[in-house]
Amino acid sequence: MDETVKLALDTIHKEKQAIIFAPSRASAEKAAEDIAKITSFSLLDLEKGVLKGVGTPTKQCRRLSHCIRKGVAFHHAGLTNKQKELIEDSFREGKIRIICATPTLAAGLSLPAYRVIIKSLKRYSGRWGMDWIPVLEYMQMAGRAGRPEYESLGEALTIAKTDAEKEEIHERYVCGVPEEIYSKLAVEPVLRTYLLSLIASGIIRDNKSMQDFFGKTFWAFQFGDMNKLNLIMERMLHLLEEWGFVTLQNPGGDFAPANALSAEQQMRATAIGKRVSELYLDPLTARHLLDCLIKYDDSKNTFSLLQMVSNTLEMRPLLRIKAKEEDFIHQELMKQYENLLTKEPSAFDIDYSDFMNSIKTALFFEAWIGENDEDYLLEKFNVRPGEIRVKLETADWLLYASEELAKVASQKNIMAPIHRLRLRLKDGVKEELLPLLKFKGIGRVRARKLYSNGLKDIGHLKAVDMATLSQLLGKVLAADVKEQLGETVQQVPAGKRKGQLSLEKF
DNA sequence: GGACGGTGAAACTTCAGGTTGCCTC
DNA sequence: GAAGTTTCACCGTCC
């Protein structure tokens, strides 16, 4: 039997709870399943709660519900928020004994346990293969052990495979000093976003106020070398100018030459620059969106816009293309080639894999608005319910930003198609269902049901009789829809409402 | 003899996470 | 680099 499983069982025998940290999602899920095979709990009500977390239960939900029935859960970013909350709450209540998690659980919320078991202190890290995780992260995880309100002590256990590894872990982590916290301001996307917003709000007006402001930040304190720091800021500034978000002007009114930055030059945000900053957009993304919008015309389609928002830093991490999918993605790319708003980079370009991943991500969005369910999306694109929500939210935000940018850039013709796309993404529907979604209580499933029964728009809904509509939607909702249409309907007895209302839209 | 099913080893594939904006009937 | 997953050959059983 696996050491982790043994420790988990031991924890249960002691009537305690444990959190097990695993280095990958697959590993967390497997550990949970292995433990669930052995425990003897039977928590049927919790199991139901998990399955309700999504529209149609996916393979993942079924795996989770099966574990949860046995008092064990896995926890990672692929779960929906509802499911994560349910797991966390049930753990606090003591119903769930063991959680197998990825580092999601280490940061943020407080979820203490008697025992923390760290399966492995190594994790895959890009080019170097497996690498030790930061000491800081180890401390975050180990710090989950011990519940101050109930226990006087907690245990944080790490599993070593050899004696040599045991030594190394002890030295590196138990005796280790956590890494220094470095200022996130040093990251370029953050820096350029801040710089633009400071200029837009008038806090930075010229070279002097720029140096004053940044000189007082934690970043400068850590960085030390102010000259080098000023060079970085100047480079950012000129990028903002080049992108058309900031103007540099001499006091006399002349525009400054592009490279020199004199003490007197006035920095001001352009109208678009101001809007970009209000939207909290990374200026690089804003430039990308604006460049794409210019190329958008009637010959383009929803895929064009979906790929536009997929090909941004904000959408990262993108859906990765698996080896087996390469051909399929290439074929789809060829089909949509004319619709792209950006050029395909050369295959040797470092951006190439991101670009291809953005195609896959856009295809996923397209499948979603093609009314495919979550189980299909999991099979076809390997996206889990939790990620679907996050991606949809990001897409909506970026499309909203695009709509606003189009407004400022006087490209109002684009606003309508973007807005329609946002509505479609929200519920995951084809264009034809949009008229029906205006009604409260009608989502993708019911709208499709109405549509396929010939009720395709407001006119049809007005014309149809209550009996037919009730058959499709249930009495209460049918009456509600009729009322939303401005018709008065005889009230249905209140007792029946509950069942209908609990059928959530999604 | 052939279909089927179980088993184990080898080959292959993949690998954590979460914040932002705005509106509204 | 390592764990998890898939593939495939092999063997035994049953009809």
Side-chain angles (χ1 to χ4, degrees), chain A residues 2-4 21-34 59 63 74-81 84 100-109 118-134 136-138 140-141 159 161-162 165 184 187 189-190 192-194 196-197 274-283 285-286 289 309 312-326 353 357 382 384 386-405 407 418-419 422-423 426 437-441 483-484 486:
Chain A
D2 185 79
E3 293 301 321
T4 318
F21 286 106
S24 71
R25 293 179 185 185
S27 162
E29 293 189 8
K30 184 165 177 296
E33 276 184 332
D34 286 350
K59 208 164 69 182
R63 274 182 92 174
F74 55 84
H75 188 288
H76 55 61
L79 305 183
T80 61
N81 283 332
K84 283 191 272 191
C100 301
T102 56
T104 352
L105 214 57
L109 81 168
I118 302 169
K119 265 192 86 151
S120 163
L121 286 161
K122 286 186 171 179
R123 191 163 46 221
Y124 178 78
S125 69
R127 66 191 78 154
W128 293 39
M130 296 303 264
D131 210 353
W132 295 101
I133 62 167
L136 205 59
E137 208 179 302
Y138 165 79
Q140 289 259 28
M141 295 194 283
I159 296 170
K161 291 179 197 69
T162 59
E165 196 178 281
K184 287 201 168 169
V187 184
V190 181
R192 55 193 179 223
T193 308
Y194 268 101
L196 180 58
S197 93
K274 275 193 184 133
R275 196 75 190 102
V276 168
S277 138
E278 283 165 8
L279 291 166
Y280 262 130
L281 268 182
D282 176 352
T285 299
L289 294 177
V309 294
T312 59
L313 289 178
E314 283 82 350
M315 197 58 82
R316 284 182 185 181
L318 298 172
L319 306 192
R320 268 187 303 275
I321 297 179
K322 291 192 280 186
K324 275 186 190 164
E325 293 170 338
E326 272 183 22
S353 72
N357 288 339
N382 198 31
R384 292 128 193 272
E387 295 161 301
I388 294 175
R389 305 304 155 89
V390 175
K391 290 278 172 272
L392 288 176
E393 204 172 303
T394 310
D396 183 60
W397 171 51
L398 289 173
L399 285 170
Y400 166 76
S402 305
E403 225 179 315
E404 292 299 304
L405 290 178
K407 202 190 283 177
I418 295 181
H419 197 75
R422 282 183 68 200
L423 291 174
K426 193 164 159 266
L437 288 175
K438 289 181 183 142
F439 294 93
K440 227 164 69 183
E483 266 176 43
Q484 289 181 56

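Each chain gets a letter, A, B and so on, in the order its sequence line appears, and its residues count up from 1.
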Query raised in the report: If you take all heavy atoms of A/P23 and A/S120, which pair is closest and at what distance?
Result: CG-CB, 4.2 Å
With the side chain of [X] defined as its heavy atoms from C-beta on, choose the nearest nucleotide among [options].
| X | options | result |
| --- | --- | --- |
| A/Y280 | B/dT13, B/dT20, B/dG17 | B/dT20 |
| A/S24 | B/dA16, C/dG1, B/dG21 | B/dA16 |
| A/K391 | B/dG18, B/dC15, C/dT5 | B/dG18 |
| A/S27 | C/dG4, C/dT5, B/dA16 | C/dG4 |

Query - Residue pairs involving residues 21-33 of chain A (criterion salt bridge (Lys or Arg N to Asp or Glu O under 4.0 Å); sequence neighbours excluded) - result: A/R25-A/E387, A/E29-A/R63, A/E29-A/R384, A/K30-A/D34, A/E33-A/R63
For [N] and [X] - does any side-chain N or O of the residue sit under 4.0 Å from the phosphate oxygens OP1/OP2?
| X | N | answer |
| --- | --- | --- |
| A/T102 | B/dG17 | yes |
| A/R25 | B/dC15 | no |
| A/K119 | C/dG4 | yes |
| A/K161 | C/dA3 | yes |

Query - B/dC15 base stacked by A/Y124 (centroids within less than 5.5 Å, tilt under 30°) - result: yes
Query raised in the report: Are more than 12 heavy atoms from other residues, nucleotides or ligands located less than 6.0 Å from atom CD of A/E393?
Result: no
With the criterion being N/O to N/O and under 3.5 Å, what pairs connect the protein with nucleotides 9-11 of chain B, and how long is each?
none

Query raised in the report: Distance between the P atoms of C/dG4 and B/dA16, in whole angstroms?
Result: 12 Å
Report task. Between C/dT5 and B/dG17, how far apart are the P atoms? Round to whole Å, please. Result -> 16 Å
Query - Along DNA chain C (nearest heavy atom to each residue), the more 5'-positioned of A/A31 and A/K324 - result: A/A31
Report summary line: Note: for A/A26 and A/M130 on DNA chain C, the residue whose nearest nucleotide lies more 5' is A/M130
Which is true for [X] with a 4.0 Å heavy-atom rule: it touches a base, it touches only sugar-phosphate, or it touches nothing?
| X | answer |
| --- | --- |
| A/E137 | base |
| A/P23 | sugar-phosphate |
| A/K322 | sugar-phosphate |
| A/K438 | nothing |

Separation of atom [atom1] in [X] from atom [atom2] in [N], rounded to whole Å:
| X | N | atom1 | atom2 | result |
| --- | --- | --- | --- | --- |
| A/H75 | B/dG18 | NE2 | C1' | 13 Å |
| A/E387 | B/dA16 | CD | C1' | 11 Å |
| A/K122 | C/dA2 | NZ | P | 6 Å |
| A/M315 | B/dT19 | CE | P | 16 Å |
| A/I159 | C/dA3 | CD1 | C1' | 14 Å |
| A/K84 | B/dA16 | NZ | P | 14 Å |
| A/D282 | B/dG21 | CG | P | 14 Å |
| A/R123 | C/dA3 | CZ | P | 15 Å |

Requested in this report: Could you walk me through whether A/W397 and A/V309 pass the side chain to side chain contact (heavy atoms under 4.5 Å, CB included) test, one step at a time?
Outcome: CA-CA 9 Å; A/W397 171 51; A/V309 294; over 6 Å; no
Between the protein and nucleotides 22-25 of chain B, are there any N/O to N/O pairs under 3.5 Å, and if so, what are the atom names and distances?
from   : atom 1 : to     : atom 2 : distance (Å)
B/dC22 : O4'    : A/Y400 : OH     : 3.2

Query raised in the report: Where the side chain of A/T285 meets the backbone of A/L281, is there a donor-acceptor pair that is under 3.5 Å apart?
Result: no
Report task. Return yes if some donor-acceptor pair links the side-chain N/O of A/N357 with the main-chain N/O of A/S353 below 3.5 Å, else return no. Result -> yes
Query - Along DNA chain B (nearest heavy atom to each residue), the more 5'-positioned of A/A323 and A/E314 - result: A/A323
